[in-house]
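Below, chain A is the first sequence line, B the second, and so on; all start at residue 1.
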Protein chains: 2
Amino acid sequence: MARKQSAKNSGSGPADVAARRVPMRDFSRSLPMSLLRAREAVMRQFRPSLRHHELTEQQWRILRALAAVETIEVTELARTAFLLGPSLSRILRDLEARQLIERRVAEADQRRAVVSISAGGLKLIAAVAPSSEAIYSAITKRFGARRLAELQEMLAALEHSLSAMEVAEEGSLEADR
Amino acid sequence: MARKQSAKNSGSGPADVAARRVPMRDFSRSLPMSLLRAREAVMRQFRPSLRHHELTEQQWRILRALAAVETIEVTELARTAFLLGPSLSRILRDLEARQLIERRVAEADQRRAVVSISAGGLKLIAAVAPSSEAIYSAITKRFGARRLAELQEMLAALEHSLSAMEVAEEGSLEADR
DNA sequence: CCTAACCATTTAACATGTTAATCATCTACC
DNA sequence: GGTAGATGATTAACATGTTAAATGGTTAGG
C-alpha cells in the first residue's frame, strides 16, 4: 500500500520503477512469448474456417493425421498430432460419436486401440481443405515463401537443440525412481 | 469398411493411401505445428522450475508483467500478458487470494480495476528469477545468441505481416451452395 | 435528468492442457 | 503357469483457452 502513484505510466517507460525491478529480460520479448504470439497470429486466420465446420484446431489436427494413414494406434496418433493422451482420448470419443472416425482394439494386443478416419471424416476434410489451403497460401504469399521456409528451418533447429538439453528437475532431491 | 489392412504402415510411407488423400500439405510441417512444437520444446525447460514454486506459466507471465509497472488496468494487463479476459479474471482471483497481487477499483471509472504486484509477489519473482534466467541463458547458449535474435525478428515480422491480413469470415460466402 | 447504447469486467459453459491415478492387459521371471 | 511389474488407454481433477452472456458502470441524445 501507499506505493507512489503516477496516473498514467502503464504504457510508458519503466524508468521510475527501475529501482524495485528484479533484473529480468523484458518478458514481452521472451522466446516463449514470441512463439505464442506468432502462433496466435497464424491461428487467428484459420479458426473462423474451422469453426464454420464445427471443428476445433485439435480435432482438425487429428483428422489430418488420420487422413495420411490407413490406421494408427492411439499412442502414435498422440505423437503425430502433438496431443497428450488425455486430450486425445476425449477428442476421439467425440469424433467417434460424430462418426468422423472409427476405432477398434488391436488383435495382437488388447490394450491397444487402432483408429482410422471414416468416409464422413474424409468428406469433411475435403470440405475444409480448400479454404484452409487458400489461407495458407495467403500467409505464404504475404510473408514470403523463402522466408517462411527459413523460419520453419530455424524452428526445427531450435526444437532439435532443446531436445538434447537436460531439463533441470529442481526437485531432484527425491532419489531417482 | 473393409479398407485394405496392412499390418505396419503407421510409421512408414503413405504411398498406398495416396489415392484417397486430399491434396494437402503434410500437416506435421505446417507453420502452426512448427510453432507449437518449438514453443513446447522451450516451455518444457521452464515448467519444472515454475511448478516448483506453485506457478503456472500464465501466472508467471502476469507477475512479470506486473513487476514492470507500478499499476496497470486489467484490460491493459490482458494485452501485455497475452491472455483473454476470462482467463485473466480467474487467475487474478487466485493470485489475489494468495496475496501475490493487490487490486482496487479506479477512482475515475468504477468499472475499471487497477492491479499491482504485492511485496510477496516481488519476493516470489526474486525467488524464481535466478533459475529462470539460468534456463534462458542455457537455451541462448545452445541455440546461439545471434540465431536466437534472428528467430525472434522473423517471428515479429510474421506477426506483423499477419496483423494486416484480413480474416476470412467464411460466413460471408454462405450463399454459394 | 433519463434512458439507450456502450464499455470494462466477470461469470458461464464447454474444450483442451497437464499431471496423477486407475484399469486392463501384457511380459518377464520364477 | 502364476504373479509382480511394465505398458496402453482412460478417467479424474484442476487450470486455461475460447466464445457468449450477464453484471455493473458510464456516456450521449432526447
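- Dashed line: the shortest gap from a side-chain N or O of B:R51 to OP1 or OP2 of C:dA20 is under 4.0 Å.
- Listed nucleotides: D:dT16, C:dT18, C:dA8. Nearest to the side chain of B:R112: C:dA8.
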Worked verdict on B:R90 versus B:D94 for salt bridge (Lys or Arg N to Asp or Glu O under 4.0 Å): CA-CA 7 Å; B:R90 282 178 304 219; B:D94 177 71; over 6 Å; no
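- Distance, B:L50 CG to C:dT18 C1': 14 Å, rounded to whole Å.
- For A:Q58, counting side-chain heavy atoms from C-beta on, the closest listed nucleotide (C:dG17, D:dT10, D:dT18) is C:dG17.
- For the residue pair A:S131 and A:S49, a side-chain donor N or O sits within less than 3.5 Å of a side-chain acceptor on the partner.
- Comparing A:P86 and A:L36 along DNA chain D, the residue whose closest nucleotide (by nearest heavy atom) sits nearer the 5' end is A:P86.
- Between A:E40 and A:R47 a salt bridge is recorded (basic side-chain N to carboxylate O distance below 4.0 Å).
- You'll find that the side chain of B:Q59 is closest to D:dT16, out of D:dT16, D:dA20, D:dA12.
- As a whole-Å value, the separation of B:L84 CG from C:dA8 C1' is 15 Å.
- Residues A:S118 and A:Q99 bring no donor and acceptor atom of their side chains to less than 3.5 Å of each other.
- Base engagement by B:R90 is indicated by at least one non-hydrogen atom pair under 4.0 Å involving a base atom.
- Counting any heavy atom pair closer than 4.0 Å across all strands shown, A:R47 reaches sugar-phosphate atoms only and no base atom.
- Comparing C:dT11, D:dG17, C:dG17 by their nearest atom to the side chain of B:L83 picks out D:dG17.
- Taking every side-chain heavy atom of A:V74 into account, D:dT10 is the closest of D:dT11, D:dT10, D:dT18.
- Across D:dT16, C:dT11, C:dC26, the shortest atom-to-atom separation from the side chain of A:Q110 is found for C:dC26.
- With hydrogens and angles ignored, a donor-acceptor pair closer than 3.5 Å exists between the side chain of A:R111 and the base of D:dT7.
- Salt-bridge formation is not detected for the pair A:E150/A:R147: no Lys NZ or Arg NE/NH1/NH2 atom is positioned less than 4.0 Å from an Asp or Glu carboxylate oxygen.
- One interatomic measurement links the two molecules: CD of B:E54 to C1' of D:dC14, which rounds to 13 Å at whole-angstrom precision.
- Residue B:I91 has its side chain nearest to D:dT16 when only C:dT18, D:dT16, C:dT10 are considered.
- When rounded to the nearest whole Å, the span between CG of B:L88 and C1' of D:dT18 equals 14 Å.
- Taking atom CE on B:M43 and atom C1' on D:dT16, their separation rounds to 13 Å, with Å as the unit.
- Spacing between atom CH2 of B:W60 and atom P of D:dT16 amounts to 15 Å, rounded to whole angstrom units.
- Rounded to whole angstrom, the span from the CZ atom of A:R98 across to the P atom of C:dA15 amounts to 10 Å.
- Residue A:S87 places none of its side-chain N or O atoms closer than 4.0 Å to OP1 or OP2 of C:dT16.
- Whole-Å rounding puts the B:L55 CG to D:dA15 C1' distance at 13 Å.
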Salt bridge (Lys or Arg N to Asp or Glu O under 4.0 Å) evaluation trace for B:E73 with B:R111: CA-CA 10 Å; B:E73 288 181 9; B:R111 293 172 302 185; over 6 Å; no
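- Looking at the side chain of B:R93, the nearest of the listed nucleotides C:dT11, D:dT19, C:dT18 is C:dT11.
- Heavy atoms of A:T56 sit under 4.0 angstrom from primed sugar atoms or phosphate atoms, though from no base atom.
- At the heavy-atom level, B:D109 lies under 4.0 Å from the strands shown only through sugar-phosphate atoms.
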